[in-house]
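Worksheet: the structure to be examined is printed underneath.
We count ligands from 1, going down the list as the structure has it; atoms in each ligand are counted the same way. It should be emphasised that the depicted structure is a prediction, and the values quoted were computed from it without experimental measurement.
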Amino acid sequence: MFSQAALAINIALAVATNIFVADYSGQITTLALTESKGNYTVTETSVNKDCAPNPSWLTLDADRGLLFCLNEGLTSPNGSLSSFTIGTNGRLTSVKNATTISGPVSGVIYGNPAGPRAIALAHYAGSAISSWLLTGHGNFKHNQDLTFTLDGPAPDPARQDAPHEHQAILDPTSQYILVPDLGADLVRVFSWDDATLKLTALEPLKPAPASGPRHAAFWNPYSVACEGCTTYLYVVGELSSTVTSYAVSYKPNGGGLSFDQVYKSTTYGLLNLPPGTAPAEVHVSPDNKYLTISNRNDTAFTLAEPDGTIVKSDSLSTFALQDDGSLVWHQLWPAGGSFPRHYSMNAPGTLVAVGLQNDALVAILQRDPSTGLIGEPIARIPVGGNVTCVVFDEQKALGVLGG
Ligand SMILES: *[C@@H]1O[C@H](CO)[C@@H](O)[C@H](O)[C@H]1NC(C)=O
Ligand SMILES: *[C@@H]1O[C@H](CO)[C@@H](O)[C@H](O)[C@H]1NC(C)=O
Ligand SMILES: *[C@@H]1O[C@H](CO)[C@@H](O)[C@H](O)[C@H]1NC(C)=O
Ligand SMILES: *[C@@H]1O[C@H](CO)[C@@H](O)[C@H](O)[C@H]1NC(C)=O
Ligand SMILES: *[C@@H]1O[C@H](CO)[C@@H](O)[C@H](O)[C@H]1NC(C)=O
């Protein structure tokens with residue numbers, strides 16, 4: 001056995017950071033990123049097809065070395081949930097694949113880290129949430145399906161023909177699951193029974209009609225999560241291309257959440273929003289100071305390929321988070337290509353991996369955590385198909401890397 005210190009040095013020098021990439025052609029690709037004195041190398045180390053046909057989302061179970069993948073099932077009546085163990089060099093080994101309600105696009109693990117746990121899935125096409133009990137070593141079994149209907153006619157009949165659950169996230173205290181519903185203009189709120197992990201719907205947040213809430217992110221300005229601590233929620237409306245911030249209050253006795261709007265702007269801040277912009281992903285940076293949103297279809301930038309070819313690029317918008325929940329415009333920067341459907345930052349906040357759906361590639365951009373400014377690409381790597389999700393493999397066992 002190495003000592004802890006020797007192991008840390010060994011990892012920092014020799015072991016690559018792995019990145020998992022899901023794409024609609026049916027693949028999960030493992031990329032290995034290594035850095036030496038500021039020079040980066042990215043190589044494809046393995047490809048797994050056991051989440052085929054249409055991987056749409058990856059949820060890392062960082063404590064247990066597991067990866068869950070959702071197949072959206074674009075041309076079939078059902079989707080699926082599959083699980084993998086993560087081996088040496090990020091190689092994935094399939095554990096299970098189970099049929100779900102159609103169109104799963106996001107998942108989150110909830111429950112008691114030391115007791116029963118489950119994964120909740122948001123189903124876009126199926127207008128539903130499902131829950132699956134995690135029974136160990138990547139095994140799981142069906143727990144619950146909750147399907148939803150619209151209360152009345154929707155403002156945007158094309159995209160709001162039905163409820164469309166688009167994401168599932170935990171609140172910072174891990175007591176509630178929030179689910180932006182693009183079709184119903186709601187952010188649904190759920191609590192659960194500690195023993196059965198069955199979900200119960202509570203009073204939802206009602207964002208502006210026709211905003212099409214897609215993804216959301218919580219923020220605790222002082223990095224402390226508790227019922228009495230200052231908490232904000234940032235909701236990105238895909239249809240309105242807006243970001244709206246809410247002050248979040250906890251109702252007594254697990255009764256749910258209430259929301260007071262404190263700020264709203266386009267995803268471009270005060271700048272003019274190009275027509276057709278459809279924001280997708282939103283996260284608070286690991287340094288807890290910035291909010292970054294990916295904008296699809298704005299073609300705000302052009303990039304020169306190494307051979308001189310000029311290609312269109314969509315953008316990433318970064319805002320500085322303010323203690324009162326408002327946002328101050330910080331940076332508009334090329335995402336590295338077309339349709340940045342998803343992005344992730346590594347734990348130190350020094351890299352941004354962007355999943356470019358229409359270019360079928362991943363752009364890895366540098367970032368300076370001290371200024372919150374995103375910088376030049378260190379690599380643009382083609383993968384098998386339309387990219388849907390990009391996740392750094394930051395398992396807790398490798399936490400020595402992030403310090
Ligand atoms: C990094 O790349 C630069 C430019 O290609 C090169 O001059 C330098 O020697 C490289 N450094 C290392 C440590 O490989
Ligand atoms: C997983 O299950 C889904 C739904 O039943 C199925 O369509 C798909 O082919 C399965 N995937 C694999 C790789 O077996
Ligand atoms: C598969 O899809 C059908 C039709 O939408 C649905 O009735 C059924 O419950 C789904 N199967 C599972 C296992 O969710
Ligand atoms: C992209 O934007 C253009 C307007 O610039 C719009 O006509 C088109 O429908 C948009 N495409 C998508 C897929 O949203
Ligand atoms: C895949 O990418 C192409 C552009 O390369 C785009 O036209 C198409 O709509 C995309 N399909 C999906 C399902 O993302």
> Against heavy atoms of Asn297, which atoms of ligand 4 measure under 4.0 Å?
Replying inline: 1 (C), 2 (O), 3 (C), 8 (C), 10 (C), 11 (N), 12 (C), 14 (O)
> Are any non-hydrogen protein atoms located under 4.0 Å from atom 11 (N) of ligand 3?
Replying inline: yes
>> I need the atoms of ligand 5 closer than 4.0 Å to a non-hydrogen atom of Gln357, numbered in the order shown.
In response: 12 (C), 14 (O)
> Of all the heavy atoms in Pro77, does at least one lie under 4.0 Å from an atom in ligand 3?
Replying inline: yes
> Between Asp145 and ligand 3, is there a nitrogen or oxygen pair with a distance under 3.5 Å?
Replying inline: no
> For the residue pair Trp219 and Tyr234, does the interplanar ring angle fall in the parallel (under 30°), tilted (30 to 60°) or perpendicular (over 60°) class?
Replying inline: tilted
> Hey, are the side chains of Ile129 and Leu121 touching, using non-hydrogen atoms and a 4.5 Å cut-off?
Replying inline: no
> What is the ring orientation for His166 with His215, classed by angle as parallel under 30°, tilted 30 to 60°, or perpendicular over 60°?
Replying inline: perpendicular
> Considering only heavy atoms of Gly276, which atoms of ligand 4 have at least one such atom less than 4.0 Å away?
Replying inline: 2 (O)
> So, Thr277 versus Asp298: side-chain donor-acceptor pair below 3.5 Å or not?
Replying inline: no
> Looking at atom 13 (C) of ligand 3, what's its closest protein heavy atom, distance included?
Replying inline: Thr99 O, 3.5 Å
> Between Tyr110 and Arg117, is there a cation-pi geometry (under 6.0 Å to ring centre, at most 45° from the normal)?
Replying inline: no
> So how far is it from Ser338 OG to Asp359 CG, rounded to the nearest 0.5 Å?
Replying inline: 5.0 Å
>> Please tell me whether Ser80 and Asn97 have a donor and an acceptor in their side chains that are separated by less than 3.5 angstrom.
In response: yes
> Would you say atom 7 (O) of ligand 5 has a protein heavy atom nearer than 4.0 Å?
Replying inline: no
> Looking only at protein heavy atoms, which one is nearest to atom 5 (O) of ligand 5, and how far off is it?
Replying inline: Asn358 O, 2.8 Å
> Using a distance-only test with no angle check, is there a side-chain donor-acceptor pair under 3.5 angstrom linking Tyr250 and Asp171?
Replying inline: yes
> Among protein heavy atoms, which lies nearest atom 1 (C) of ligand 5, and at what distance?
Replying inline: Asn386 ND2, 1.5 Å
>> Can you name the atoms of ligand 3, numbered from 1 with element, that are less than 4.0 Å from a heavy atom of Ile101?
In response: 14 (O)
> How far is atom 2 (O) of ligand 3 from its nearest protein heavy atom, and which residue and atom is that?
Replying inline: Asn78 ND2, 2.5 Å
>> Tell me whether the rings of Trp132 and His142 are parallel (<30°), tilted (30 to 60°) or perpendicular (>60°).
In response: perpendicular
> Can you find a non-hydrogen atom of Ala278 under 4.0 Å from ligand 4?
Replying inline: no
> Between Pro275 and ligand 4, is there a nitrogen or oxygen pair with a distance under 3.5 Å?
Replying inline: yes
> In ligand 3, which numbered atoms sit nearer than 4.0 Å to a non-hydrogen atom of Thr100?
Replying inline: 12 (C), 14 (O)
> For ligand 5, is any non-hydrogen atom under 4.0 Å from Phe339's backbone (N, CA, C, O), its side chain (CB onward), both, or neither?
Replying inline: neither
> So among Phe319, Tyr343, Phe218, which one has a ring pair (Phe, Tyr, Trp, His ring centres under 6.0 Å) with His283?
Replying inline: Tyr343
